[in-house]
Novice: 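Dropping a structure here in structure tokens format, bear with me for questions.
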Amino acid sequence: MSTGRDRIFRMPPRVRFAPSPTGYLHVGGARTALFNWLYARRHGGTFILRIEDTDVERSSADMISGILSSMTWLGLTWDEGPGVGGPHAPYFQTERLDKYRAAAARLVESGAAYYCYCRPEDLAAKRAAAEAAGSAWMYDRTCVVLSPEEVAAREGAREPRAVRFFVPAGGTTFTDLVRGHIAFAREHIEDFVILRSDGYPTYHLSVVVDDVEMEITQVVRGDDHISNTPKQVLLYEAMGATIPDFAHVPLILGPDKKRLSKRHGATSVGEYETQDYLPEAMINFLALLGWSPGGNQEVFSREELVERFTLDGISGGNAVFNSEKLDWFNQQHIMRLPADDILRRLTPAITAAGLWRDSFFTTDADWIGKVIELLKPRARKLGDIVPALAPFVADIVVYDEAAVTKHLKVAGVAAHLSAWLQVVEGLPSLEPAATEAALRVLAAARGIKPGVLIHATRVAVVGQSVSPGLFEVLDLVGRDRVAERLRAYAS
RNA sequence: GUCCCCAUCGUCCAGAGGCCUAGGACGUGGCCCUUUCAAGGCCAAGACCCGGGUUCGAAUCCCGGUGGGGACGCCA
């Protein structure tokens, strides 16, 4: 049998992300998708998206479009799958049912599987009884001993039946790229159903049939699939197919170390999109949850992650989702975004706020770029920049009452501002260093601390007691606007 | 209950027998910068789950225990 290692060097990998559209794209799923995507991109391979919608009861079209949209938002583009097609189309399992049925029939034919006429209610009762007795239930093989005549009779009577895989005696081992060898004794594996009585395949069958047909070379998926793997290995063997490599990645937990769920807060990628996180921050954060490139660098661009990604950098233990660190990554990525990029991303929001000017991309590009640079390190979310733009680009100043009371409605301040206004009007421009020097000279002349003028000016000009460095702000707001706003509070 | 996986600061990771007096990041506390708020810089507190082995030497290897997680569906 050829090992995965050989395969890596022989041909580009083909990996897939195969979500079930029974819910939104969960951050855990997103990370699994990311690892697959990084692996494919790193090795010049193919990243396939396949929708496992065989649970027709719980799957929905809305969930499918939600998942696709979250994948797109994260930038996890797929080479084969919904919308783009590919050599193994279709990529929706419900459109591939004939393949699973044919595979099940072949397995029955070869004796690797058999028809099971047990009724679900009876099985449930047996399971409940075993559970009550405190022991684990495994299918008791009632139907494996049926004679060919009886099977023929029941088939003729069109009795509902499922197809079960016959688990042979022995042991099953497989190599996991993250954990090494894993062994299961087959007495712990029951004869599992591969085709339901309604003709739909179960996960085990469809996943193996598709992974074989789509020539998947590495199966990178969640840890929760590790106990499914021996069953699937058995299926590969029975089908005479090449077994892919497996890499099971640890789960993402909530702060209480329980599997991450809604009660821990936002768990779907869509919620983070709504909350205005940068997709590159999400990618960076998720990549480092359970994987390490080695070294001390923490902030990575998508390209840098692709360059460094290796499966053996994945750690074995589960990871707790730490949203404070996500916030930090978000801020780090905001600070690394060029101003023109920020402007482009924020165009709709700025427009909606009534602050847009077409000159931002032309004659005012330089100026607005400086404004954004000033606002950048203070934004925790990209959208924080939008309201902060108002005092610069418009005459909209929202005055914070507490700030006004504290810094402007103070005895003597109006007179000081009046003097300062005269100075400002006499200045050729508000170049920061010169403006600051002028303010300090004035403060000294009037026998007050520079801070009195600085704080009063800040509140008068931006309406808040916090802002970027005052003199940079004044320069970018412009002398006329600054003078106008000072005048409102001068005596 | 049975099987499987995992185990380093509160959290995410580094560490693949001596480089460990265990390193980085988030968070926390302090200081610096300073006109505010951020950003940035510096400092501090903070961990190898326990017990046995193996070895001259173990965070690193082995065994056991404990703890956590996962799986035991005609869900995926």
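Just so we're clear, the structure is a prediction, and the values are computed from it rather than from any experiment. Lettering of chains follows the sequences in order, A, B, ..., and the numbering in each one begins at 1.
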Novice: B:rG40 phosphate, OP1 or OP2: any side-chain N/O from A:Q332 under 4.0 angstrom?
Specialist: yes
Novice: Does the structure show a Watson-Crick or G-U wobble partner for B:rA47, both distances under 3.5 Å? Name it, or say none.
Specialist: none
Novice: From C-beta outward on A:P377, which listed nucleotide comes closest to its side chain: B:rU2, B:rC26, B:rA39?
Specialist: B:rA39
Novice: What nucleic acid atoms does A:R179 come within less than 4.0 Å of, heavy atoms only: base, sugar-phosphate, or nothing?
Specialist: sugar-phosphate
Novice: Using Watson-Crick or G-U wobble geometry with both distances under 3.5 Å, which nucleotide pairs with B:rC3?
Specialist: B:rG70
Novice: May I ask you to evaluate whether A:R58 reaches the phosphate of B:rG73, defined as a side-chain N or O under 4.0 Å from OP1 or OP2?
Specialist: no
Novice: Between B:rU54 and B:rA16, how far apart are the two P atoms, rounded to whole Å?
Specialist: 24 Å
Novice: Among A:R141, A:K231, A:R164, A:R186, find the one that has a salt bridge (Lys or Arg N to Asp or Glu O under 4.0 Å) with A:D191.
Specialist: A:R141
Novice: Just how far, in rounded Å, is C1' of B:rC26 from CG of A:L288?
Specialist: 11 Å
Novice: Please measure how far the C1' atom in B:rA76 lies from the corresponding atom in B:rA38, and state the result in whole Å.
Specialist: 46 Å
Novice: If pairing requires Watson-Crick or G-U wobble contacts with both distances under 3.5 Å, which nucleotide is the partner of B:rU34?
Specialist: none
Novice: Please give the nucleotide sitting opposite B:rA25 as a Watson-Crick or G-U wobble pair, both distances under 3.5 Å, or none.
Specialist: B:rU11
Novice: For a quick check of understanding: with a heavy-atom distance under 4.0 Å over all strands, which category does A:K258 fall into, base, sugar-phosphate or nothing?
Specialist: sugar-phosphate
Novice: Quick check on B:rU11: is either OP1 or OP2 less than 4.0 Å from any side-chain nitrogen or oxygen of A:K257?
Specialist: yes
Novice: Within the structure, does a side-chain N or O atom of A:R186 lie under 4.0 Å from either OP1 or OP2 of B:rC3?
Specialist: no
Novice: Side-chain donor or acceptor of A:K376 under 3.5 Å from a matching atom on the base of B:rA39?
Specialist: no
Novice: Measuring only the P atom in each nucleotide, how far is B:rA44 from B:rA22? A whole number of Å is fine.
Specialist: 13 Å
Novice: Measuring from the side chain of A:S315 (C-beta onward, heavy atoms only), which nucleotide among B:rU2, B:rC13, B:rU35 has the closest atom?
Specialist: B:rC13
Novice: Return the nucleotide paired to B:rU55: Watson-Crick means purine N1 to pyrimidine N3 with N6-O4 or O6-N4, wobble means G-U with N1-O2 and O6-N3, both under 3.5 Å.
Specialist: none
Novice: For B:rA14 versus B:rC32, give the span between their C1' atoms, rounded off to a whole number of Å.
Specialist: 29 Å
Novice: Are the side chains of A:L288 and A:P293 in contact, using a 4.5 Å heavy-atom criterion?
Specialist: yes
Novice: Heavy atoms under 4.0 Å, any strand shown: does A:P230 hit a base, just sugar-phosphate, or nothing?
Specialist: nothing
Novice: When we call it a touch if two heavy atoms are under 4.0 Å apart, what does A:L470 touch: a base, just sugar-phosphate, or nothing?
Specialist: base
Novice: For A:R259 and B:rG69, is the shortest distance between a side-chain N/O and OP1 or OP2 below 4.0 Å?
Specialist: no
Novice: So A:G222, base contact, sugar-phosphate only, or nothing? Heavy-atom distance under 4.0 Å.
Specialist: nothing
Novice: So, is A:S227 close to the B:rC5 phosphate, meaning a side-chain N or O under 4.0 Å from OP1 or OP2?
Specialist: no
Novice: Please determine whether a side-chain nitrogen or oxygen atom of A:Q331 lies at a distance below 4.0 Å from atom OP1 or OP2 of B:rA39.
Specialist: yes
Novice: Where the side chain of A:S197 is defined as all heavy atoms beyond and including C-beta, which of B:rA76, B:rC26, B:rC74 is the nearest nucleotide?
Specialist: B:rC74
Novice: Need one value for A:H248: base, sugar-phosphate or nothing, where a base atom within 4.0 Å counts as base even if backbone is also close, heavy atoms only.
Specialist: nothing
Novice: Could you work out the separation of B:rA25 and B:rG40 based on their P atoms and round it to a whole Å?
Specialist: 11 Å
Novice: Looking only at N and O atoms, is any donor in the side chain of A:E131 or the base of B:rG1 less than 3.5 Å from an acceptor on the other one?
Specialist: no
Novice: Within the 4.0 Å heavy-atom criterion, would you say A:T457 contacts the bases, only the backbone, or no part of the nucleic acid?
Specialist: nothing
Novice: For the rings on A:W78 and A:F17, is their centre-to-centre separation under 6.0 Å?
Specialist: no
Novice: So what does A:A18 hit on the nucleic acid, given a heavy-atom distance under 4.0 Å: a base, only sugar-phosphate, or nothing?
Specialist: nothing
Novice: For A:M138, answer base if it contacts any base atom (sugar-phosphate contacts may also be present), sugar-phosphate if it contacts only those atoms, and nothing otherwise; contact means non-hydrogen atoms under 4.0 Å.
Specialist: nothing
Novice: Can you tell me if the side-chain N/O atoms of A:R127 get under 4.0 Å from OP1 or OP2 in B:rG73?
Specialist: yes
Novice: Under 3.5 Å, which donor-acceptor pairs do the side chains of residues 438-456 of chain A form with other protein atoms, sequence neighbours left out?
Specialist:
from	atom 1	to	atom 2	distance (Å)
A:R440	NE	A:E436	OE2	3.0
A:R440	NH2	A:E436	OE2	2.9
A:R446	NE	A:H416	ND1	2.8
A:R446	NH2	A:H416	ND1	3.3

Novice: Looking just at side-chain N and O atoms, do A:Y203 and A:Q93 make a donor-acceptor pair shorter than 3.5 Å?
Specialist: no
Novice: Distance only, no hydrogens: is a donor on one side chain within 3.5 Å (strictly under) of an acceptor on the other, for A:R50 and A:S206?
Specialist: no
Novice: Are A:S467 and B:rU36 close enough that a side-chain N or O sits under 4.0 Å from OP1 or OP2?
Specialist: no
Novice: Atom CZ of A:F285 and atom P of B:rG27: how far apart are they, to the nearest Å?
Specialist: 12 Å
Novice: Nearest-nucleotide wise, let me know which of A:P450 and A:A185 is further upstream toward the 5' end of RNA chain B.
Specialist: A:A185
Novice: Under 6.0 Å between ring centres: does that hold for A:Y489 and A:Y399?
Specialist: yes
Novice: Using the P atom on both, measure B:rG1 against B:rC63 and round to a whole Å.
Specialist: 23 Å
Novice: Are the charged groups of A:D210 and A:R16 less than 4.0 angstrom apart, N to O?
Specialist: no
Novice: Look at the side chain of A:N228 against the base of B:rA76 and say whether a donor-acceptor pair falls under 3.5 Å; ignore hydrogens and angles.
Specialist: yes
Novice: Between B:rA58 and B:rC20, how far apart are the C1' atoms? Round to whole Å, please.
Specialist: 11 Å
Novice: Of A:H181 and A:N296, whose closest RNA chain B nucleotide lies nearer the 5' terminus?
Specialist: A:H181
Novice: Considering only atom C1', compute the distance from B:rU35 to B:rG23 and round it to an integer number of Å.
Specialist: 38 Å
